[in-house]
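Step one of this worksheet: look at the structure below.
In this chain, numbering begins with 1 at the start of the sequence shown. The figures that follow rest on heavy atoms only: side chains count, while hydrogens, waters and symmetry mates do not.
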Amino acid sequence: MVHALEEADDPTALLLEAVRALAPTGRIILAAAARGGLWSRAENTPFGHGRPFTRGQLERLVREAGLEPTAWSQTLYVPPWSPLLPLADGFEQVGRRIAPGAAGLILLEASRQAYARIRPSGKAQRVPAKAALAPSPPPPSRTTGRSADRF
């Protein structure tokens with residue numbers, strides 16, 4: 001889901017609907033504008049519209065929808081200014097190390113955890129404690145008498 005949560009009237013409802021459509025062990029990748037990024041302050045970019053998120057907000061939203069975050073990343077460190085765009089690769093490498101909170105985009109991968117449901121199929125049988133602890137008798141022997149005489 002790319003920039004869908006930012007523009008949704010109810011991001012929780014949107015994510016719940018996406019989870020409903022997932023396979024039992026499905027995965028989803030979310031891309032959302034980062035609240036601390038320079039891109040979310042520029043109205044002439046897609047990141048300047050809607051509701052930006054922090055990593056913690058996205059993780060809470062995902063967990064509330066029944067998903068478990070498995071990986072995340074941040075990107076778009078170059079400011080939204082045309083003369084700097086040719087230097088984008090350098091900004092990405094330096095930005096990750098120097099200013100990780102200044103990224104413009106958060107990418108989060110989450111997976112759906114499906115657990116087997118336990119369905120009771122009958123009553124449990126009670127066993128008296130003494131019977132459960134009593135040693136069982138040895139199995140009956142097939143050979144009686146002298147075994148050496150048989151061969």
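- Across Y77 and F91, no two heavy atoms sit closer than the pair CB-O, 3.6 Å.
- L105 and A32 get closest at one heavy-atom pair: CD1-O, 3.4 Å.
- The shortest non-hydrogen separation linking E64 to T12 is OE1-OG1, 4.3 Å.
- Considering every non-hydrogen atom in both P11 and L5, the closest pair reads O-CD2, 3.7 Å.
- If you take CG on L67 and CD on E109, they are separated by 11.0 Å, rounding to the nearest 0.5 Å.
- Summarising the local packing, CG of D10 is surrounded by more than 12 heavy atoms from other residues, nucleotides or ligands at distances under 6.0 Å.
- The hydrophobic clustering, which links ILVMFWY residues whose side-chain heavy atoms are closer than 4.5 Å, places L76 and W72 apart.
- Remark: R96 CZ to T75 OG1 distance equals 5.5 Å, nearest 0.5 Å.
- L58 and M1 fall within a single hydrophobic cluster, where Ile, Leu, Val, Met, Phe, Trp and Tyr side chains are chained together by heavy-atom contacts under 4.5 Å.
- Taking each heavy atom of A103 and A34 in turn, the nearest pair found is O-CB, 3.2 Å.
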L61/L30 under side chain to side chain contact (heavy atoms under 4.5 Å, CB included): CA gap, chis, key distance, verdict | CA-CA 11 Å; L61 186 66; L30 303 173; 5.9 Å; no
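- When the side chains of ILVMFWY residues are joined at heavy-atom separations under 4.5 Å, either directly or via intervening members, L108 and L14 end up in a single hydrophobic cluster.
- In this structure, R27 places its CZ atom where only 12 or fewer heavy-atom neighbours from other residues, nucleotides or ligands lie under 6.0 Å away.
- If you take CD on E68 and CD on E59, they are separated by 8.5 Å, rounding to the nearest 0.5 Å.
- Annotation for R55 and I106: closest pair N-CD1, 3.6 Å, computed over non-hydrogen atoms.
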Stepwise side chain to side chain contact (heavy atoms under 4.5 Å, CB included) check, L15 with I28 = CA-CA 10 Å; L15 196 53; I28 190 167; 4.3 Å; yes
